[in-house]
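Right, one structure below, let's go through it.
Letters A, B, ... mirror the listed sequences (proteins, then strands); counts begin at 1.
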There are 4 protein chains.
Amino acid sequence: MNKKTSIKDKIFAVAATHFANFGFEGARMDKIAKEACVNKASIYYNIGNKEALYAKVLNKAFDEGFGSFHDVIESSLSAREKLEAYIRHIAKALERNPILPKMMMREQLSQGRHMPESFAGNIVQMLDGLTAILNQGNEEGVFDVVDTVTIHFMIFGAMMFQMTSSPIRKKKKAFSNKYQPDPGILPQSVIDQITKAVLRAVKKEK
Amino acid sequence: MNKKTSIKDKIFAVAATHFANFGFEGARMDKIAKEACVNKASIYYNIGNKEALYAKVLNKAFDEGFGSFHDVIESSLSAREKLEAYIRHIAKALERNPILPKMMMREQLSQGRHMPESFAGNIVQMLDGLTAILNQGNEEGVFDVVDTVTIHFMIFGAMMFQMTSSPIRKKKKAFSNKYQPDPGILPQSVIDQITKAVLRAVKKEK
Amino acid sequence: MNKKTSIKDKIFAVAATHFANFGFEGARMDKIAKEACVNKASIYYNIGNKEALYAKVLNKAFDEGFGSFHDVIESSLSAREKLEAYIRHIAKALERNPILPKMMMREQLSQGRHMPESFAGNIVQMLDGLTAILNQGNEEGVFDVVDTVTIHFMIFGAMMFQMTSSPIRKKKKAFSNKYQPDPGILPQSVIDQITKAVLRAVKKEK
Amino acid sequence: MNKKTSIKDKIFAVAATHFANFGFEGARMDKIAKEACVNKASIYYNIGNKEALYAKVLNKAFDEGFGSFHDVIESSLSAREKLEAYIRHIAKALERNPILPKMMMREQLSQGRHMPESFAGNIVQMLDGLTAILNQGNEEGVFDVVDTVTIHFMIFGAMMFQMTSSPIRKKKKAFSNKYQPDPGILPQSVIDQITKAVLRAVKKEK
DNA sequence: CATGAATGAGCCTTCATTCAT
DNA sequence: AATGAATGAAGGCTCATTCAT
C-alpha cells in the first residue's frame with residue numbers, strides 16, 4: 001500500500017465509525033478529519049464531499065462484509081447445512097465489520113436516501129441466495145414453504161438488534177441484572193440461538 | 001382539550017414524523033414549526049429545546065405504543081395463545097404507531113443517547129412479559145428453553161425491518177419484481193409469517 | 001420608516017458600496033454585515049443569499065437612478081432641449097448614485113451574469129427614449145442621422161470613465177499636474193463638456 | 001522561444017482571459033492552470049503568486065495594445081487626419097486585444113489597486129498625444145477648444161461599452177430586435193460612427 | 001401568550017499557496 | 001524542473017436558540 005491508499009483508508013475507517021454512530025447528518029467533517037489526523041481539505045481533495053464520502057464508506061462496508069457472499073450458495077451441501085452456513089456467514093460479516101449493521105439500519109430509516117442502486121442489487125443477490133437455499137430445502141423435503149424476506153429479516157433483525165442493543169443494555173440500569181449481553185460484538189451464544197431458532201422456524205412439520 | 005394542549009399535540013405529532021424520518025440531527029426545528037403551523041418560538045415556549053421535544057416525542061410514542069402492554073400477560077390463556085397475543089400486540093402497536101419502530105431503531109443506533117431511563121424500564125417490562133410466557137410454555141411442556149432476548153429481537157427485528165424496508169423495496173429498481181412488499185404498513189400476511197415462524201422456533205421438539 | 005425597513009436599507013447601502021468597489025466575487029458577506037452593524041445571519045434572514053442581495057442592490061440602484069427617466073421624453077421641448085435634458089438627467093442620476101456606474105460597468109464585464117431581465121428592460125427603455133429624441137431632432141431638421149447606441153455609449157462612457165477614473169488620476173503620480181479631475185463626483189464642467197460635444201456630434205451639417 | 005517561455009506565454013494567455021472575464025477575485029488559479037494545461041504549482045514556480053500573475057498580464061496586455069502608440073503623433077499629417085488615425089489606432093488595439101478594455105475597466109473600478117505606476121505613465125502618454133493633436137487642430141483653426149480627457153473618454157468609453165455590451169445585447173431578450181450589435185468584436189460600422197461623431201464634436205463652428 | 005426578528009456558533013466547502021518528491 | 005498531494009485560512013450559509021414587542 002502506498003501512502004495515498006493509506007490516507008484514504010484512514011479517512012474511510014474513521015468516517016465509517018462516525019457515519020455509523022452519528023448518521024449522515026450527525027457526522028462532522030471536522031471531527032472525522034481530526035480523528036483521522038488529516039487536514040479537512042484533504043478529505044475534499046482525496047474523496048470529494050460529504051455525500052461522496054458517505055457513499056464510498058457505505059459501499060466499502062458492504063463489499064467488505066458481503067462481497068464474497070455468493071460462495072456459500074455454490075457449494076454442494078445440504079439445504080440445512082447451507083442455511084447454517086448462510087447464517088454463520090452473515091454473523092461473521094457483521095462481526096468482522098460492526099459498522100455495517102448500523103449503516104444498513106440507518107439507510108432503511110432514511111428510506112435509502114443515500115443508498116446507491118448497486119447496494120440494493122447486492123441485497124437482492126443475498127435474498128436470491130437465501131431463496132435458493134429455502135427452495136432446495138423444500139425440494140429435499142426438510143423445509144416448509146416460508147417467506148424468504150421474513151426469514152431474512154428474522155436473521156438480520158435479530159443479529160442487528162443484538163449488536164446494537166448491547167451498549168444500551170450495559171448502560172441503562174433497568175437492564176441491570178436480567179438481560180445483560182454476553183461479552184463480544186456478536187457472541188457465539190447469540191449466533192447459536194439464532195441458528196437454532198431459524199432452523200426450527202423453517203423446518204417441515206411431520 | 002384546551003387550546004394549549006392542542007398546540008402541543010400538533011407539535012408532537014409533526015415532530016414525531018420528523019425525528020423518525022430524519023433523526024435527531026437531521027430534524028429541523030424550522031420545518032417542524034412550519035408544518036405544525038406554529039411559530040418556532042412557540043415550541044421553545046411550550047416545550048423547551050430540541051432535546052426536550054425529542055424526549056417528549058420518544059416517551060409519547062412508546063406510551064401510546066406499548067403503554068398497556070402488561071394486560072396481555074395477566075390473562076389466563078395458554079402459553080401458545082399468549083405468545084400469539086404478544087406478537088399480535090406488538091404488531092398492532094407498531095402498525096398503529098409507525099413512528100415507534102423508527103425511533104427505537106434510532107435510539108439503538110445512537111446507543112440510547114436520548115433515551116430516558118423510564119424508556120429502558122418499559123422495554124424490560126416487555127421482556128419480562130415475554131420471559132413469563134416462555135417460562136409458562138416450558139412448564140406446560142410445549143416450549144423449549146429459548147433465549148428471551150433472541151426471540152424478542154426476532155419478532156421486533158423482523159417487523160421493524162419489514163416496515164422500514166418497504167419504501168426502499170418499492171423505490172429501488174433492483175427489487176423490481178421479486179421482493180415487493182404487500183400493501184399496508186405491516187400487512188397481515190407478514191404478521192402471520194412471523195407468528196408461524198416464531199411459534200415453530202420456540203416449540204419443543206418431540 | 002419602521003425598524004425593519006431601516007435594517008434592510010442599511011444592509012443595502014453597505015452592500016452597494018461593497019459590490020460596486022469589490023465586485024460580486026470580491027465582496028465579503030462578513031464585511032458587509034460588520035460595516036452595516038448587523039449580524040451576518042441577519043442578512044440571510046432578511047434578504048436571502050449573496051446573489052439575492054446583489055440583485056436587490058442592482059435593481060435598487062437602477063430604480064433610484066433612472067426610475068423616473070421617461071418623464072424627460074414626454075415633455076414638449078425641442079429635440080435639442082430634450083437631448084440636453086437627457087444628458088443632464090443621466091449626469092444627475094449618476095452623481096446622485098455613484099454606485100450605479102460601477103455596478104453597470106461590472107455587469108457589462110461579467111456579461112450580465114447577475115443582471116436580471118428587468119434591468120435589461122430598463123436600459124432598453126432609456127435607449128428608446130434617446131431614439132425618440134434623435135428622431136425628433138431629425139424631423140426638426142437639426143440632427144443628422146446618428147446611431148442611438150453610439151451616442152448613448154458616448155454619453156455614458158464618458159461620464160462613467162470620468163467618474164471612475166477620478167480616484168486613479170488623484171492617486172497615481174503620473175497624472176500629477178496635467179490631468180487632475182475637477183473636484184466633485186461628476187463636476188459641472190465635465191457635464192458641460194460632454195453636453196457640448198454630444199450636441200455637436202449629432203448636429204446636422206449645413 | 002524555448003520551452004519555458006512557451007509555458008509562461010500559455011499561462012499568460014489563459015490568465016488574461018480569466019482575469020478579464022472574471023476579475024481578480026473571480027479568477028481561479030485552478031482553472032487557469034487546467035486550461036493552460038500546466039500544473040498549478042508550475043504557475044507559482046514560474047511566475048509567483050496570483051497578484052504577480054495579474055500584474056504581468058496587465059502589463060503585457062497594455063504593452064501589446066498601446067506599446068507603439070506614440071508613432072501616430074510623430075507623423076506629419078493634418079490634425080484631422082491625426083485624430084482619425086488616433087481613433088483608428090485605439091480601435092485596432094482594442095480589437096486586436098479584446099482583453100485590454102476589460103482589464104482597464106476593471107482597474108478603474110478597483111481604483112487602480114493592481115495598476116503599476118508604469119501603466120499610468122502609458123495612459124498619460126496617450127493623453128499627451130491626444131492633447132498635441134487637439135492643439136494642432138486648434139492652431140490650424142479647424143478644432144475648437146475641447147477638453148482632452150472628455151474626448152479621450154468619449155472615444156474610449158464608446159468603444160469599450162460597445163465591445164463589452166455586445167454579449168449582453170445578444171443574450172438578454174429585452175434587446176431582441178432593436179439594438180442588436182453588428183457582428184465582430186468591434187465592427188467597422190461602430191468605428192465609423194464614433195469617428196464621425198468625435199470629428200464633429202471637436203470641429204470648430206464657423 | 002404569541003410571534004417576527006435577531007444572533008452566535010458551527011458546518012460544509014473552497015482557494016491560494018506550499019510541500020515533498 | 002515539474003507535479004501530485006497537502007493545508008491554513010477564510011467564505012457562504014444554516015440552525016438552534018433567544019429577544020423584544
How many whole angstroms separate atom [atom1] of [X] from atom [atom2] of [N]?
X: C/Y44; N: F/dA16; atom1: OH; atom2: C1'; result: 18 Å
X: A/I43; N: E/dT14; atom1: CD1; atom2: P; result: 13 Å
X: D/E51; N: E/dC15; atom1: CD; atom2: P; result: 18 Å
X: C/K34; N: E/dG8; atom1: NZ; atom2: P; result: 12 Å
X: D/E25; N: F/dG11; atom1: CD; atom2: P; result: 11 Å
X: C/Y45; N: F/dT18; atom1: OH; atom2: C1'; result: 13 Å
X: D/I47; N: E/dA16; atom1: CD1; atom2: C1'; result: 14 Å
X: C/I7; N: F/dA20; atom1: CD1; atom2: P; result: 14 Å

Map every base of DNA chain E to its dot-bracket character, where paired means a Watson-Crick or G-U wobble contact with both distances under 3.5 Å and | marks a partner outside the strand.
-> .||||||||||||||||||||

Specify the closest pair of heavy atoms between A/M29 and A/N49, including all atoms of both residues, with the distance to one decimal.
->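 Nearest pair, atom of A/M29 first, then A/N49: CE-C, 4.4 Å.
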
Output, in order, the C-alpha distance, side-chain angles, deciding distance and verdict of side-chain contact (heavy atoms from CB on, under 4.5 Å) for B/F24 and B/E107.
-> CA-CA 10 Å; B/F24 181 81; B/E107 274 310 304; over 6 Å; no

I'd like to check [X] versus [Y] (side-chain heavy atoms, cut-off strictly below 4.5 Å). Are they in contact?
X: D/Y54; Y: D/M103; value: yes
X: C/F62; Y: C/I123; value: yes
X: C/L53; Y: C/F12; value: yes

Toward the 5' end of DNA chain E, which comes first, B/S42 or C/C37, by nearest nucleotide?
->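 Counting from the 5' end, the first nearest nucleotide belongs to B/S42.
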
Atom pair OG/CD1 of D/S42 and D/I7 - distance to nearest 0.5 Å =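 Rounded to the nearest 0.5 Å, the OG-CD1 separation comes to 5.0 Å.
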
Euclidean distance, A/K172 NZ relative to A/S165 OG, rounded to 0.5 Å =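 Separation between the atoms: 13.5 Å.
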
Side-chain donor/acceptor of C/R106 to backbone N/O of C/N21, under 3.5 Å |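 Flag set: sc C/R106 to bb C/N21 pair under 3.5 Å.
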
Report the residue (C/N49 or B/F24) whose heavy-atom-nearest nucleotide on DNA chain F is the more 5′ of the two.
->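 Upstream on the strand: C/N49.
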
Look at A/R113 together with A/E25 and state whether they make a salt bridge at an N to O cut-off of under 4.0 Å.
->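 Looking at A/E25 together with A/R113, the answer is yes, because their closest N to O distance falls below 4.0 Å.
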
D/N46 side-chain N/O to F/dA1 phosphate OP1/OP2 under 4.0 Å =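 Checking D/N46 against F/dA1: no side-chain N or O falls below 4.0 Å of OP1 or OP2.
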
Polar atoms only, N or O, under 3.5 Å: list the protein pairs with nucleotides 9-11 of chain E and their distances.
{"unit_1": "E/dC11", "atom_1": "OP1", "unit_2": "A/R28", "atom_2": "NE", "d": "3.2"}

